[in-house]
Structure formats: structure tokens, C-alpha cells
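Data first, discussion second: the structure below is written as C-alpha cells.
Sequence positions, counted from 1, serve as the residue numbers for this chain. Order of appearance sets the numbers: ligands from 1, and atoms from 1 within every ligand. Given the structure is predicted, the values throughout are model-derived calculations rather than measurements.
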Amino acid sequence: MPDDQNQSLWTEVDRYFSDLWIPHDVALDAAVAANRQAGLPAIDVSPIQGKFLHLLARISGARRILEIGMLGGYSTIWLARALPPDGRAVSLELSEKHAQVARENLRRAGLLSRVDIRVGPALDTLSLMIKAGEKPFDFIFIDADKSSYPEYLQWALRLSRPGTVIVADNVIRDGEVIRSGSTDADVKGVRRFNEIVAAEPRLSATALQSVGVKGYDGMAVALVLS
Ligand code: SAH
Ligand code: DHB
Ligand code: MG
């Protein structure tokens, strides 16, 4: 099948499941609309991916969630809704503009009080969090600049406990992940991330290849063992 036929089928099947299992939701729809209105890039997780993150967080019983790379907070809404009433999410975002759009989206969703938004380069924020004695997180979603994924993973491990779930978005990249000679900084970042996961005895991991409205990509899912 030609690539464009594949893509239209993936999109239709994606919509089939989101229409069937993910009822339209004022807060999520408004967040997507606000993100596009503000000119944010359309790289939010898709609805079925958002629900996947939400269910994983619930399955793991997460009470403390860390997100690295917030954009307009679409994934943050899914994750924050997985928390119990006394749970908290911390979301790191470089751009004050993105964070402002996200704040408004979370406020509209009634979730602003559950999410601590920290603006600035995530590597700086993570270092400050360790220095401040931040408690470990139960669930960590890595989705910021791909070239820093190796460093984000190292910080994530320092902010984990046995049982923490670490999920990283965009680790397949149209299959480019297997190109060992790639000079693309994003591909190099995710490949290095994958190698660190492989070498880390504290982690047990798998990869979930996916097709859908966002094309061909996927997530890494890792469990912290010790
Ligand atoms: N998780 C979001 C999408 C995140 S897109 C969702 O699914 O809805 C990636 C985000 O990472 C962008 O908003 C970008 O500004 C942010 N980002 C890029 N470099 C960063 C850095 N060094 N520190 C923190 N955030 C960064
Ligand atoms: C890009 C980033 C993402 O987090 C994503 O899910 C898709 C694309 C990007 O930077 O192009
Ligand atoms: Mg992503």
C-alpha cells in the first residue's frame, strides 16, 4: 500500500477507536482548540495515546506524576485526571508561552490546583528538584526535546523508586530509530536513551510501536526494578 493510503487508514482506525471509547470532552477539546489558536505545534499526544497514558498511570496507582515537556498541557490533563484527589503532578516546560496556554487549559479543566508547572530548561529544573530533596515520583512521562532524552532518563532514575513507571514518547520516529549512522540529533538522542535503558540493570523496558493520526512512532515503557 502506498504511504498516503496507509496514513489515511491509520487515521481512520485511530478515529474509530477515539469515537468509540473516548467520549468528547469539553476540557480536552477546548485545550486542543486553544493550542492551535495560540499557534503551538500540533505535536500533543493523540486522544488514544492520552488515554493510554491515563490508564497506565491509574494501573500503576500513581499519586505523584512528573512530566517533562508540557506544551499546552493536553497530555497533562490526561495524566492529572489519573491522580487521586490528593495526588500531584509536576510538569516541566521551557516556553513561558506554552506554559501560559497550558495554565489556562488546566484551569478550564479544573485541574490547575493539582499541577505544579515549572517553567525553564528542564535539565535546570530537574537539578534544582534533586537539590531541594524532591520525593520520588510514581510515574514519569518524558516528551521534551529528544536530544536531551539521555539526560532526562538519568534525572528520572534519580527521581524514581522501585515500581516507578517511566514512559518516553517518540522513540520510533518513522523507524529512523534503527539507523545507527543517523546524524539527526533527535534520532541520536533517542538511540542513546535506548542504549542507556539497555545498560541499566534497574530498568526493565519494552517498546510500543504505534501508527495513527500522528503517523508511525511509538513509546518506550520502562519499570524501575530497584
Ligand atoms: N507532552 C505534550 C507535548 C510536548 S511537546 C503533549 O503531549 O500534550 C514538547 C515540549 O517540550 C514543547 O512544549 C517544548 O517547548 C518543550 N521543551 C523543549 N525543550 C525543552 C527543555 N529543554 N526543557 C523543557 N521543555 C522543553
Ligand atoms: C515532535 C515532538 C513530539 O513530542 C511529538 O510527539 C511529535 C513530534 C517534534 O518535535 O517534531
Ligand atoms: Mg511527543
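At the shortest separation from atom 23 (N) of ligand 1 among protein heavy atoms lies Ala122 N, 2.8 Å. Scanning the protein for heavy atoms near atom 6 (C) of ligand 1, the closest one is Ser75 OG, 3.0 Å. Looking only at protein heavy atoms, the nearest one to atom 24 (C) of ligand 1 is Leu94 N, 3.2 Å. Scanning all protein heavy atoms for the shortest distance to atom 20 (C) of ligand 1 gives Asp145 OD1, 3.3 Å. At the top of the distance list for atom 5 (S) of ligand 1, counting protein heavy atoms only, stands Ile43 CD1, 3.5 Å. Summary of contacts: the protein heavy atom closest to atom 7 (O) of ligand 1 is Val45 N, 2.8 Å. Taking atom 8 (C) of ligand 2 as the reference point, the nearest protein heavy-atom neighbour is Ile43 CG2, 3.4 Å. At the top of the distance list for atom 14 (C) of ligand 1, counting protein heavy atoms only, stands Glu93 OE2, 3.5 Å.
For Glu67, every heavy-atom contact with ligand 1 shorter than 4.0 Å involves the side chain, none the backbone. Contact annotation: for Tyr152 versus ligand 1, heavy atoms closer than 4.0 Å belong to the side chain alone. Within the 4.0 Å heavy-atom criterion, the part of His98 lying near ligand 1 is the side chain and not the backbone. At a heavy-atom distance under 4.0 Å, no atom of Asp217 approaches ligand 2.
Considering backbone and side-chain atoms alike, Ala144 places every N or O at 3.5 Å or more from each N or O of ligand 1. Among the atoms of Asn170, some N or O lies under 3.5 angstrom from an N or O of ligand 2.
A donor-acceptor contact under 3.5 angstrom links the side chains of Thr11 and Gln7, judged on distance only. A donor-acceptor pair shorter than 3.5 Å can be found between the side chains of Tyr152 and Asp145. The closest side-chain donor-acceptor pair between Glu176 and Ser182, if any, does not fall under 3.5 angstrom.
Exactly one residue among Asp143, Ile43, Asp186, Val190 makes a side chain to side chain contact (heavy atoms under 4.5 Å, CB included) with Asn170. That residue is Asp143.
Within the coordination shell of the Mg ion (ligand 3), defined by N, O or S atoms under 2.8 Å, Asn170 is present. For the Mg ion (ligand 3), the set of nearby N, O or S atoms under 2.8 Å includes none belonging to Asp44. Contact annotation: Asp169 places an N, O or S atom under 2.8 Å from the Mg ion (ligand 3).
Between Asp184 and Arg191 no salt bridge is recorded (no basic side-chain N to carboxylate O distance below 4.0 Å). With respect to Glu67 and Arg88, no salt bridge is recorded, no charged nitrogen being found less than 4.0 Å from a carboxylate O. Note on Glu104 versus Arg107: salt bridge recorded, some NZ/NE/NH1/NH2 to OD/OE distance being below 4.0 Å. For Arg36 and Asp44, the salt-bridge test passes: some basic side-chain N is under 4.0 Å from an acidic carboxylate O. At a threshold of 4.0 Å, the pair Arg64-Glu134 counts as salt-bridged, since one of the basic side-chain nitrogens sits closer than that to a carboxylate oxygen.
Of the possible donor and acceptor atoms, one in the side chain of Thr164 sits under 3.5 Å from a partner among the backbone N and O of Phe137. Without hydrogens or angle criteria, Asp169 side chain to Met219 main chain gives no donor-acceptor distance under 3.5 Å.
Applying the 4.0 Å criterion to heavy atoms of Lys146 picks out, from ligand 2, the atoms 2 (C), 3 (C), 4 (O). Within ligand 2, the atoms closer than 4.0 Å to a non-hydrogen atom of Asp169 are 6 (O), numbered from 1 in the order shown. Taking a cut-off of under 4.0 Å to the non-hydrogen atoms of Asp44, the atoms of ligand 1 that pass are 6 (C), 7 (O), 8 (O). In the vicinity of Gly120, heavy-atom distances shorter than 4.0 Å reach the ligand 1 atoms 23 (N), 24 (C).
Ring orientation note: the planes of Phe17 and Trp21 are tilted relative to one another, at an angle of 30° to 60°.
Using a 4.0 Å heavy-atom cutoff, Gln49 is absent from the residues neighbouring ligand 1. Contact between Pro121 and ligand 1 is present, with at least one heavy atom of the residue lying under 4.0 Å from the ligand.
Between Leu126 and Leu92 the shortest side-chain heavy-atom distance falls below 4.5 Å. Side-chain contact between Ser210 and Gln49 is present, with heavy atoms from C-beta onward closer than 4.5 Å.
For the Mg ion (ligand 3), the nearest N, O or S atom contributed by Asp143 is named OD1.
Ranked by closest heavy atom to atom 4 (C) of ligand 1, the top entry among Asp143, Asn170, Leu126 is Asp143.
Open room surrounds CZ on Arg58; 12 or fewer heavy atoms of other groups in view lie less than 6.0 Å from it.
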